[in-house]
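For reference, the structure discussed in these notes is given below.
The sequence lines fix the lettering, A, B, ..., with proteins before strands; numbering per chain opens at 1.
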Protein chains: 2
Amino acid sequence: MDAVFRALADPTRRQLLDSLHARNGQTLNALCAEMDMTRQAVTKHLAILEEANLVTTIRKGREKEHYLNPVPINEIADRWIGKFERGRLTALSDLKKRLERED
Amino acid sequence: MDAVFRALADPTRRQLLDSLHARNGQTLNALCAEMDMTRQAVTKHLAILEEANLVTTIRKGREKEHYLNPVPINEIADRWIGKFERGRLTALSDLKKRLERED
DNA sequence: CTAATATGCAACCATTTGATTGCATGTCAA
DNA sequence: TTGACATGCAATCAAATGGTTGCATATTAG
């Protein structure tokens, strides 16, 4: 869980997920083409995404294909965000009341 | 958006949101009581949460009350996570096919 | 076989981050 | 008013982070 949150914290990594979402199975080089940094930097970001289980890779000869795994994102949505979502309206009206009581 | 993701990346800050979710409107001192670090460290985390608009504060005399704002979390759920959620089954079956083709 | 291509590994560096300590300010209560 | 209490501000520091360069390895194409 923590690994997923930290992986999502970086804009470059979210961009990589976006890229894979648009075209799944891209090789490292393909992904690098869209990023404005060295291949090694991209490799590191992909390693973090893989560590968080957000990306799965398959070695194809000398190439490495990258696949998006949306499951961890879903788990966060279900188990973590859902909690706050449920309390949304309540919390908002609470806050409004408090603010009004200020005046 | 980026500020929200980065704010959520730290476990201490998620714990603070949890704490406010359990009991909204806590003062700085109350929040500190549950955290295993100095008050100043907690202050910094709260500042980051406030920066990301996840927490709103109201000064009450010499105390400061903290309120959870779930809106940014909801926006992420709607505008960002939703995208990946929609492609979930497709992406999974894609991945499965690829993996099977490997054997 | 050999050269080009795709990726891996490691050392290194600057910046950011998370936390601390010390002191200042502001407010309430006796 | 004075002392206790709640919070604010700033300097400092170690560790993590994001990026680079240089070289190594492995695979494919000619």
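Residue E51(B) contributes atom CD, which lies 15 Å from atom C1' of dT17(C) at whole-angstrom precision. Between H66(A) atom NE2 and dA6(C) atom C1' there is a gap of 11 Å when expressed in whole angstrom units. Per the geometry, CG belonging to L28(B) stands 15 Å off C1' belonging to dT25(C), to the nearest Å. E50(B) has its CD atom 13 Å from the P atom of dT7(D), to the nearest Å. Here dA6(C) presents its P atom at 13 Å from CD of E65(A), a figure rounded to the nearest Å.
Residues L17(A) and M1(B) share a hydrophobic cluster, clusters being chains of Ile/Leu/Val/Met/Phe/Trp/Tyr side chains in contact below 4.5 Å. Both V55(B) and L28(B) are members of a single hydrophobic cluster when ILVMFWY side chains are connected at heavy-atom separations under 4.5 Å.
Listed by chain and residue number, K83(B) satisfy the salt bridge (Lys or Arg N to Asp or Glu O under 4.0 Å) test with D18(A) (two or more places apart in sequence, or in another chain).
N74(A) contributes atom CG, which lies 8.0 Å from atom CD1 of I81(B) (distance to the nearest 0.5 angstrom).
For the pair N29(B) and dC5(D), the criterion of a side-chain N or O lying under 4.0 Å from OP1 or OP2 is not met.
Across all non-hydrogen atoms, the minimal contact from Y67(A) to N24(A) is CA-OD1, 3.2 Å.
Residue-environment remark: CD (E51(B)) stays at or below the threshold of 12 foreign heavy atoms within 6.0 Å.
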B/S/- along nucleotides 17-30 of chain D (protein heavy atoms under 4.0 Å) is SSBBBB----BB--
